[in-house]
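What follows is one structure encoded as structure tokens, with my remarks underneath.
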Protein chains: 2
Amino acid sequence: MSIHSFYENAPKHLVAVDCIIFGFEDGKLKLLIMKRKVDPMAGAWSLVGGFVQDNESTDEAAARVLKQTTGMDHIYMDQLHTYGDVNRDTGARVISVTYYALIRIKEHDRILANDHGAHWLSLHQIPPLIFDHSVMLQHALDKLRDKAHTYPVGFELLPEKFTLPQLRNLYEEIYQRELDKRNFRKKILAMNILEKLDEKDKSSSKKGAHLYKFDEAKYEQLMKTGFGFTM
Amino acid sequence: MSIHSFYENAPKHLVAVDCIIFGFEDGKLKLLIMKRKVDPMAGAWSLVGGFVQDNESTDEAAARVLKQTTGMDHIYMDQLHTYGDVNRDTGARVISVTYYALIRIKEHDRILANDHGAHWLSLHQIPPLIFDHSVMLQHALDKLRDKAHTYPVGFELLPEKFTLPQLRNLYEEIYQRELDKRNFRKKILAMNILEKLDEKDKSSSKKGAHLYKFDEAKYEQLMKTGFGFTM
DNA sequence: CCAAAAGTGTTGGCCTTACACCCATGA
DNA sequence: TCATGGGTGTAAGGCCAACACTTTTGG
């Protein structure tokens, strides 16, 4: 078979990227989803996605989609899984590559998101999603929990300065269970990746909680090696 | 935008599946790779792969490719990652979804494999592979090791009856380090998923080692819940 | 002065690891 | 009888989970 028939006889497919975009706000883990604009299922809730173009990699497509919706660059993203069932999209045969992203909600462009019909919803309030998007979300959650054991994912979701109770609250949201206050502090501080600031955040208590930020150098070092993070 | 322009304006892409096929034979972890038949890179070593057709899911495409090469059905397979760089295949823009498979080499169709130009090579003897296939292999190995912590992957690679030294040897190959004989037996037997047979295998020692096989019921039960398998 | 959240250490149990000798048998 | 790989138990240390009280301060 010649090179031409080898490649040219093969069928081509629409390829999409769909992003499961997590954020953290008001002590809740949230998801950015949007109202679909086109048929079939126009008006129904959907993950944020788009088609892969000829001149971009799938990773770049995901980053582009994210930027278009949130205005943000250089976001933490990871590829999750590719959904390839023939009839998963009722409009056409579309193979979808999913990514999850972790976003600091405060830093994103709320106006841009609204223009796209995108909204942050708390995980407990997520309506049914089109096609297999609910399954994608569930897999993303499983992966997020899994990833949190070996990677400091939580830090991507918090603002630059944060308190330990906030961080713990975030992990409690991710794992959907309570974490022991003392054990949590012990473990986090033992990693030695946090820098204690002189400021306190009194927004959630009278006593006030110390603010911390990441020690970038140690954090980068730890990222290279990975680490155990069993809660 | 109408439904037609939404789907029809989007570009289409060649989508391939590439399989990282692991087997275990003569105490070595092996990989099934083949000589590529078409240009570019005809004659070079390649993973086993093929294009996704219109009437099949990506999972089905991977299973088909595997069956065409080994004659085997109902193989343990898992999707790994999708490689979407624009220029990763020098012949055309191809998006590749990778799968890894665990095979009992003894049960596969060696003649069929040879007809396809496919060969089992020990991991240490793998030549450079085309395109990004070496990267795919490395990721598959990482994933296999990772998966082995939470899933009894080793059992998929052994014949129905096997000895504990064989099983340990397999895990040593996967982790590329020695495992303590006593601790290994303790842990495996504590899982209570093995059935001890009356037969012995004397092929590798004069004393002979007891043969075991899996207790299907308990094994299925354990597969549902997952389990820790730290070696 | 009281309510509400922040902060702080110790202990027991379990799990992991390290480690050495006897057994069975074919050659 | 000896060489080869198979099979067996125990003890120490590290890690994780459970647990309750004091501190601070705004209202």
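Fair warning: this is a prediction, and the values are worked out from it, not measured in the lab. First the proteins, then the strands, lettered A, B, ... as listed; each starts at 1.
Rounded to whole Å, atom P of C:dA5 lies 13 Å from atom CD of A:E178. Between the CZ atom of A:F184 and the P atom of D:dC15 there is a distance of 19 Å, rounded to whole Å. Going from atom CG of A:L211 over to atom C1' of C:dA6 covers 13 Å, rounded to whole Å. Between A:I188 atom CD1 and C:dG7 atom P the separation is 14 Å, expressed in whole Å. For the pair B:L179 CG and C:dT17 P, the interatomic distance rounds to 10 Å; values are reported in whole Å. Regarding B:M191, its CE atom lies at a distance of 13 Å from the C1' atom of C:dT16, rounded to whole Å.
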Legend entry - Per-nucleotide protein contact string for nucleotides 4-13 of chain D, where B marks a base within reach and S marks sugar-phosphate only (heavy atoms under 4.0 Å, - for neither): -BBBBBB---

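For residues 109-131 of chain A, the pairs satisfying salt bridge (Lys or Arg N to Asp or Glu O under 4.0 Å) are A:E25-A:R110, with sequence neighbours left out. A side-chain hydrogen bond (donor to acceptor under 3.5 Å, both in side chains) check over residues 117-133 of chain A, counting only residues at least two apart or in different chains, returns the pairs A:R88-A:D132, A:H108-A:W120.
The salt bridge (Lys or Arg N to Asp or Glu O under 4.0 Å) search around B:K147 returns B:D78, not counting sequence neighbours. In this structure A:K67 satisfies the salt bridge (Lys or Arg N to Asp or Glu O under 4.0 Å) test together with A:D73, sequence neighbours excluded.
Between A:T70 and A:L112 the shortest side-chain heavy-atom distance does not fall below 4.5 Å.
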Donor-acceptor list for residues 205-213 of chain A side chains, cut-off 3.5 Å, not counting sequence neighbours:
| from | atom 1 | to | atom 2 | distance (Å) |
| --- | --- | --- | --- | --- |
| A:S205 | OG | A:G208 | N | 2.8 |

